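Note that this is a predicted model, so its numbers are computed, not measured. Heavy atoms only: backbone and side chains are in, while hydrogens, waters and symmetry mates are out.
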Amino acid sequence: MGRNLKKIRQLFVPSSTNNYRAKLLHLPSLVILVFLFLTIQTGLSLVRFTQPAVLGYASQITPEKIVELTNQRRISLGLDELKINNSLNEAAQRKAADMFAFNYWSHNSPTGRDPWSFFKETGYDYIYAGENLARDFVSSEAVVDAWMASPTHKDNIISSRYQEIGVAVVEGELGGLRTTLVVQMFGSPAKVFAQRESSSDLEPIEQAHALAEIEEEAWQKTENPTKLGPFSTYQNQPLPVSPLAVNRGVAIFILGLLVGVLLVDRLIANKKNIRRLAGDNWAHLTFLAIILLIVFLFRSGSLLESISSL
Amino acid sequence: MSKNKQRTSDLKLHLFLLFVLLVGAVVFLFLPPLPGKKEGMIIGLSTCYFLWGLWYHQKKDNLSLRIGLEYLALAVLGAVLLFGLI
């Protein structure tokens, strides 16, 4: 008992038995902490593939709020509001369904389909078109804020060329992770058929038709989630465990432990006037405190570079 | 160098580190979550810290392999923890 206590003490308090430096701050202990975190990461990855849909991001995002916030940003810049177009809404939902069906996080499907094929499939003839994508966000505000912070997404949101908008918020499983995909599509309807024909970015309609059957199946499975609202796909399942929350908890524990040990080590070394050949505790504390600050303030979510037909 | 001068010099170096890391943290938090950008910032932050450690101890004339490795281990730990978030 006393021996164990002595060993634990060595971990946290500098003394002659640990070369006057808390053992947790010795190089092997730091390396062990790195490997401990990496092991937890590997464990999470294994859960992701062996128990799909256990990990994920539950969100409160709604298409209506995304449109509202997008229009707020436009109005604040003196631009016209975008009108909701049902064909664009449907195109966005079909795109999200396709992403879940073929398990990809990209503007272009692994089957070769590009975003514009979804516009055509729903009968939306456009002169200009654009697409913004987001995933793993928790709120509509966070999605729009992230888009506005990215120059290319912002260009789509505040472009005066677009007149209409369609948004889909669909929950599903991507890469073994339950997530919420947000697809935002912009368009300017073609007034003259010839204008559409002259667009160099148009994809042959045949390519879209080749995959229509599979995509239709995926589309049916989503049961029009825009109308059902958040959590619609998983309303009968428990909320997923957020990988961000797990990582954040472990990171806070490790960082808190090190910050505490560094402070105790510094105080005792000062009190006993111990001189050691070691790194500077204040510098370590500064670095770890900044990392801790980031861990506390960081919010989840990923974007892809936006795309437009311009 | 007198003790006071040494302390002032130390303080300046620590404030410089704090400033660099704070700027890095703010940029990291406000960067749009596009592929590659956050990763680059994490590597940048950790590298800055590691290099500062080497520079600081070089200036104090007590740089050794053990100290260098200590900074490297903490820089890697910080980077690994942040990579776990993105």
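In this structure, A:Trp147 and B:Pro32 have side chains that are not in contact, with every pair of non-hydrogen atoms separated by 4.5 Å or more. Annotation: side chain of B:Leu81 is not in contact with side chain of A:Val250 (no heavy-atom distance under 4.5 Å). With a 4.5 Å cut-off on side-chain heavy atoms, A:Leu30 and B:Leu69 do not count as touching. Between A:Ile291 and B:Leu21, every side-chain heavy-atom pair lies at or beyond the 4.5 Å cut-off.
Contact of A:Arg21 with chain B is made through the side chain alone, with heavy-atom distances under 4.5 Å. In this structure, no portion of B:Lys60 lies under 4.5 Å from any heavy atom of chain A. Using a 4.5 Å cut-off between heavy atoms, B:Leu63 does not touch chain A at all. With a 4.5 angstrom heavy-atom cutoff, B:Phe30 touches chain A only via backbone atoms. Looking at A:Leu292, there are no atoms closer than 4.5 Å to chain B (heavy atoms on both sides), in backbone or side chain.
Distance check, rounded to the nearest 0.5 Å: OH of B:Tyr49 to CD1 of A:Ile290 gives 11.5 Å. Annotation: the span from A:Ser150 atom OG to B:Lys37 atom NZ amounts to 6.5 Å, rounded to 0.5 Å. With rounding to the nearest 0.5 Å, the separation of CZ in A:Phe287 from CG in B:Leu45 is 7.0 Å. The CZ atom of B:Arg66 sits 6.0 Å away from the CG atom of A:Leu277 when rounded to the nearest 0.5 Å.
A distance below 6.0 Å separates the ring centres of B:Phe28 and A:Phe298.
Atom NZ of B:Lys38 is surrounded by more than 12 heavy atoms from other residues, nucleotides or ligands within 6.0 Å.
A donor-acceptor pair is defined here as one N or O able to donate and one able to accept, closer than 3.5 Å; no such pair exists between the side chain of A:Asn247 and the backbone of B:Leu85.
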For this session: Evaluate side-chain contact (heavy atoms from CB on, under 4.5 Å) for B:Leu34 paired with A:His153, printing each intermediate quantity in order.
Result: CA-CA 11 Å; B:Leu34 289 164; A:His153 294 87; 3.6 Å; yes

For this session: Show your working on side-chain contact (heavy atoms from CB on, under 4.5 Å) between B:Leu77 and A:Ile254 and close with a plain yes or no.
Result: CA-CA 10 Å; B:Leu77 180 66; A:Ile254 292 175; 4.2 Å; yes

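When each of B:Leu29, B:Ile42, B:Val26 is tested with A:Ile294 by the rule side-chain contact (heavy atoms from CB on, under 4.5 Å), just one qualifies, namely B:Leu29.
A pairwise comparison of heavy atoms in A:Leu27 and B:Ala73 identifies CD1-CB, 3.6 Å as the closest pair.
Counting only N and O atoms by type, the side chains of A:His284 and B:Glu70 include a donor and acceptor under 3.5 Å apart. A donor-acceptor contact closer than 3.5 angstrom links the side chains of B:His14 and A:Asp280.
Counting heavy-atom pairs under 4.5 Å between each of A:Ala289, A:Gly279, A:Ala251, A:Ala149 and chain B puts A:Gly279 at the top.
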